[in-house]
A.B. asks: 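One structure, as structure tokens, below. Some questions next.
Given the structure is predicted, the values throughout are model-derived calculations rather than measurements. Residue numbers begin at 1 in each chain, while the letters A, B, ... track the order of the sequences.
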2 protein chains.
Amino acid sequence: MQKEFTIGQAAETSGVKVTTIRYYESVGLMPEPRRVESGRRVYGQASVDLLGFIRHARDLGFTVEAIRDLIDLQENPGTDCAKADELARHHLVETQKRIEQLRVLESELMRMIDGCAGGKVGSCEIVTSLFDHSKCLSDHKSKALKEQ
Amino acid sequence: MQKEFTIGQAAETSGVKVTTIRYYESVGLMPEPRRVESGRRVYGQASVDLLGFIRHARDLGFTVEAIRDLIDLQENPGTDCAKADELARHHLVETQKRIEQLRVLESELMRMIDGCAGGKVGSCEIVTSLFDHSKCLSDHKSKALKEQ
DNA sequence: CTTGCTTCTACAGTCGCTGTAGAAATTAGA
DNA sequence: TCTAATTTCTACAGCGACTGTAGAAGCAAG
């Protein structure tokens, strides 16, 4: 007995919002589901599992594009997994870069906050350091940061 | 002798792209500049400094909204800097949360990659773990992640 | 039978830009 | 001085990954 789900139940079960499910369908991440006579979508267990997969991958920060690739792979279990490996490695590198950038920001923010003695803005490190550093620090740094 | 800049020179000097400068003007982050007869924008040193300020703050991950507040503060050096402190602290907390999330992702990605023996997708950890974990791990985790 | 929830479609809005088109102004080179 | 290349102008569309809106229709419970 195949369990069936309305879009709301699929959303509840998978943790992907109703509107987001429809969005995934519209961009081709989810296949078009069967409809009941009135036009409402009906999902099976496989679709709900797929939604869980998508959600987990999104939580991991994979783009919709990358997830499309992962789904393709998953649908052809015979192909070799070099592509999946590449996707994951690429994503790991990006994640590590991002962590590194955020760490720089973290320490700069901490420095700014420490420097704020609670007086007037005119002498506030938080404001003035943004101005001062905008002249010297920016260059090499923002190059790195611009890569997102 | 006040130096004057075309939008292109202001862009070059501040590191903010021409189109982005116009965008900042359109959203009210930059004041409307003086124009020459033909309608082209002319900037003074103060505007270029402000662009540098904005860029640095954006590099630090402050939203345009937060930067608007910071500019207001900076223009009233007499007010006390509790607001700047609050903005910076709030932003620090967000940054630290984000680092923590990314670290979780990093370790999961590393685990996935380690588990990939280079065989076929059917037995590839990278793909299967996305499916398996989508059922159990998701809940408490994505709550945290959804906060961005 | 009514009330209130869910679902439907289609489209606009979010954020922080980036890119496009087509016109006018300016600059650099021959 | 003429021409060609570059810069600037405005106005608007597009990006990613959704979220929210409006208005209509379906459906379940009291």
Side-chain angles (χ1 to χ4, degrees), chain A residues 4-30 32-43 47-48 51 53-71 91 94 98 101 105 142 145-148, chain B residues 4-30 32-43 47 51 53-71 91 94 98 101 142 145-148:
Chain A
E4 303 208 322
F5 301 81
T6 65
I7 196 170
Q9 290 162 343
E12 177 106 351
T13 310
S14 68
V16 178
K17 289 186 189 167
V18 169
T19 44
T20 307
I21 294 175
R22 286 195 285 248
Y23 166 73
Y24 287 155
E25 185 185 326
S26 78
V27 297
L29 253 200
M30 287 294 291
E32 293 192 14
R34 197 162 64 73
R35 305 278 187 134
V36 292
E37 214 170 348
S38 68
R40 299 185 166 203
R41 293 166 176 82
V42 193
Y43 297 93
S47 297
V48 174
L51 282 169
F53 175 94
I54 294 169
R55 180 160 93 113
H56 189 49
R58 284 293 301 134
D59 283 349
L60 283 169
F62 284 96
T63 62
V64 164
E65 252 323 284
I67 295 172
R68 220 188 297 273
D69 289 349
L70 288 168
I71 290 172
H91 191 54
E94 293 301 305
R98 190 78 186 119
Q101 290 163 15
L105 308 190
S142 72
L145 289 164
K146 279 291 138 75
E147 297 163 16
Q148 160 76 242
Chain B
E4 303 209 321
F5 301 81
T6 65
I7 196 170
Q9 291 162 343
E12 177 108 350
T13 311
S14 68
V16 178
K17 289 185 188 166
V18 169
T19 45
T20 307
I21 294 174
R22 286 196 284 249
Y23 167 72
Y24 287 155
E25 184 185 326
S26 79
V27 297
L29 255 199
M30 288 293 293
E32 292 190 15
R34 197 162 63 73
R35 305 278 186 134
V36 292
E37 212 170 350
S38 68
R40 298 182 167 206
R41 294 166 176 83
V42 192
Y43 297 93
S47 297
L51 282 169
F53 175 95
I54 293 170
R55 182 160 91 114
H56 188 51
R58 284 292 302 134
D59 284 349
L60 282 169
F62 285 96
T63 62
V64 165
E65 252 322 284
I67 295 171
R68 219 187 297 274
D69 289 348
L70 288 168
I71 291 172
H91 191 54
E94 293 302 305
R98 189 77 188 119
Q101 290 162 15
S142 73
L145 289 163
K146 281 290 138 76
E147 295 165 18
Q148 157 75 244

A.B. asks: Output all residues satisfying ring-ring contact (aromatic ring centres under 6.0 Å, His included) with A:Phe62, sequence neighbours left out; order by chain, then residue number.
C.D. replies: A:His91
A.B. asks: In whole angstroms, how far is the C1' atom of C:dC17 from the CZ atom of B:Arg55?
C.D. replies: 15 Å
A.B. asks: Rounding to a whole Å, what distance do you find between A:Arg68:CZ and D:dG16:C1'?
C.D. replies: 12 Å
A.B. asks: Does C:dT18 have its OP1 or OP2 closer than 4.0 Å to a side-chain nitrogen or oxygen of B:Lys17?
C.D. replies: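 Looking at the OP1 and OP2 atoms of C:dT18, one of them is under 4.0 Å from a side-chain N or O of B:Lys17.
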A.B. asks: Do you know which two heavy atoms are closest between A:Phe5 and A:Ala10, and how far apart they sit?
C.D. replies: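 What the structure gives for the nearest pair is CB-N, 4.0 Å.
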A.B. asks: Only distances under 3.5 Å count here; give the side-chain donor-acceptor pairs of residues 17-26 of chain A to other protein atoms, sequence neighbours excluded, each with its distance to 0.1 Å.
C.D. replies:
from, atom 1, to, atom 2, distance (Å)
A:Glu25, OE1, A:Arg41, NE, 2.8
A:Ser26, OG, A:Tyr23, O, 2.7

A.B. asks: Any chance you could list the contact pattern along nucleotides 6-16 of chain C? Use B for base contacts, S for sugar-phosphate-only contacts and - for none, protein heavy atoms under 4.0 Å, 5' to 3'.
C.D. replies: BSSB------B
A.B. asks: Rounded to the nearest Å, what distance is computed from the CG atom of residue A:Asp59 to the P atom of nucleotide D:dC18?
C.D. replies: 10 Å
A.B. asks: Kindly write out the residues that satisfy side-chain contact (heavy atoms from CB on, under 4.5 Å) with A:Thr6, not counting sequence neighbours, or none if the list is empty.
C.D. replies: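 Only A:Gln9 meet the side-chain contact (heavy atoms from CB on, under 4.5 Å) criterion with A:Thr6.
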A.B. asks: List in chain and number order the residues that pass side-chain hydrogen bond (donor to acceptor under 3.5 Å, both in side chains) with B:Glu12, two or more places apart in sequence or in another chain; answer none if no residue qualifies.
C.D. replies: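 None.
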A.B. asks: For a side-chain contact (heavy atoms from CB on, under 4.5 Å) check, start with the C-alpha distance between A:Arg58 and A:Val16, then their side-chain angles and the critical distance, and finish with the verdict.
C.D. replies: CA-CA 10 Å; A:Arg58 284 293 301 134; A:Val16 178; over 6 Å; no
